[in-house]
Amino acid sequence: MRIATWNVNSMRARADRVEAWLEKSDVDVLAIQETKCKDDNFPWEVFEHNGYDVAHFGFSQWNGVAIASRVGMSDVERTFQNQPPFGKGGKDPVQEARAIGATCDGVRIWSLYVPNGRTREDEHMVYKLAWLRQLREHAQSWLADDPQAQIVLAGDWNIAPQDEDVWDNEFFEKNQMTHVTEPERSAFREFLEAGYTDMVRPHAEGPGVYTYWDYTSLRFQKRQGMRIDFLLGSPAVAQRVENAFIDKDERRGKGASDHAPVVVDLA
DNA sequence: ATGGTGGCTCTGCCA
């Protein structure tokens with residue numbers, strides 16, 4: 001069973017790219033982030049033409065997550081329980097379209113778009129950490145309920161867990177940038193401590209191994225990336241991993257997303 | 001050359 005996660009940065013702008021990748025990648029389940037659309041203008045046919053069921057969750061041009069599967073899909077869930085809401089500057093807080101879950105061939109898969117944080121002092125950073133804490137508490141309880149549960153937490157985590165996961169950690173510190181701070185890294189580590197495993201790292205060791213390259217400053221051309229997209233597996237899934245890789249070729253050329261797909265093969 | 005991109009959209013905001 002091949003599972004992948006991909007922040008496509010607009011499903012409409014990327015429809016042709018995603019369709020071509022579905023045709024060549026042999027992926028069974030694809031977790032998608034940043035669809036940047038609502039159901040009304042989601043390109044359903046991209047998936048239907050290729051034999052995939054797809055569930056989408058999006059309200060607007062912001063965020064948006066989806067799961068596509070050609071091995072069946074049941075128990076679709078939009079937002080996780082008690083997912084913290086966000087409302088900038090006193091606006092009514094709302095639960096954003098950042099999490100969708102589905103069971104595909106016995107594996108509970110979540111497509112997650114973790115809040116960015118924006119700056120170290122921004123209220124969005126407080127939101128990011130609360131969001132992660134709430135998700136982690138649930139992820140922990142799912143395993144407490146059933147230690148044999150097959151769970152994959154896949155998505156854009158907007159965290160670089162180690163210094164080697166960014167092209168120059170000193171640059172990030174000097175410029176007070178997000179994704180590398182101790183509270184963010186600690187929030188990520190708590191998922192590992194709860195029993196989840198980064199299923200890709202053993203098959204794609206750093207340094208210099210990334211999943212995202214900023215459009216600005218032509219970071220891809222300069223080989224200056226970040227590893228921020230992860231598939232974390234519960235013990236029952238992690239023991240099934242046969243191979244994993246980052247499809248960096250997909251970041252090349254005109255019309256690429258700023259993220260590459262990340263792929264895991266399970267026995 | 002002290003900037004560089006891209007995708008939405010109430011051409012500003014978000015990443």
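Keep in mind the model is a prediction, meaning the values are calculated, not measured. Within every chain, numbering begins at 1; the chains are lettered A, B, ... in the order of the sequence lines, protein sequences first and strands thereafter.
Backbone-only engagement by A/Y113 is indicated by non-hydrogen atom pairs under 4.0 Å involving sugar-phosphate atoms exclusively. Residue-level contact check: A/R118 touches the backbone only, with heavy atoms under 4.0 Å from sugar-phosphate atoms and none from bases. As judged by a 4.0 angstrom heavy-atom cut-off over every strand, A/T216 is placed among the base-contacting residues.
Between A/Y113 and A/F57, the ring center distance fails the sub-6.0 Å criterion. Taking the six-membered ring for Trp, A/H124 and A/F86 have ring centres closer than 6.0 Å.
Taking the centre and axis of the six-membered ring of A/F171, the NZ or CZ atom of A/R219 falls inside the cone set by 45° and 6.0 Å.
Remark: P of B/dG4 and CZ of A/R219 are 13 Å apart, rounded to the nearest angstrom. Remark: P of B/dA15 and CD1 of A/I228 are 12 Å apart, rounded to the nearest angstrom. Taking atom CD1 on A/I159 and atom P on B/dA15, their separation rounds to 15 Å, with Å as the unit. If you measure from atom NZ of A/K254 to atom P of B/dT5, you get 12 Å, rounded to the nearest angstrom. Atom-to-atom, CG of A/N9 to P of B/dT9 comes out at 13 Å; the value is rounded to the nearest Å. Spacing between atom CG of A/N63 and atom C1' of B/dC14 amounts to 10 Å, rounded to whole angstrom units. One atom, CD of A/Q61, and another, C1' of B/dT11, lie 14 Å apart when rounded to the nearest Å. The interatomic distance linking A/D214 (CG) with B/dG7 (P) rounds to 13 Å, in whole Å.
Both A/D156 and A/M11 sit near DNA chain B, but only A/M11 has its closest nucleotide nearer the 5' end. Both A/G255 and A/P115 lie close to DNA chain B; mapped to their nearest nucleotides by heavy-atom distance, the more 5′-ward contact belongs to A/G255.
Set against B/dT9, B/dT5, B/dG7, the side chain of A/L218 has B/dT5 as its closest nucleotide. Considering only side-chain atoms of A/R14, the nucleotide from B/dC8, B/dG7, B/dG4 that sits closest is B/dG7.
With no hydrogens or angles considered, no side-chain donor-acceptor pair links A/Q224 and A/D168 at under 3.5 Å.
Only the P atoms considered, B/dG3 is 24 Å distant from B/dG7, to the nearest whole Å. Comparing the C1' positions of B/dA15 and B/dT9 gives a spacing of 15 Å, expressed to the nearest Å. Comparing the C1' positions of B/dT11 and B/dG6 gives a spacing of 15 Å, expressed to the nearest Å.
Within the 3.5 Å criterion, the main-chain N or O of A/N9 finds a donor-acceptor partner in the side chain of A/R14.
A close approach under 4.0 Å does not occur between any side-chain nitrogen or oxygen of A/S217 and OP1 or OP2 of B/dG4.
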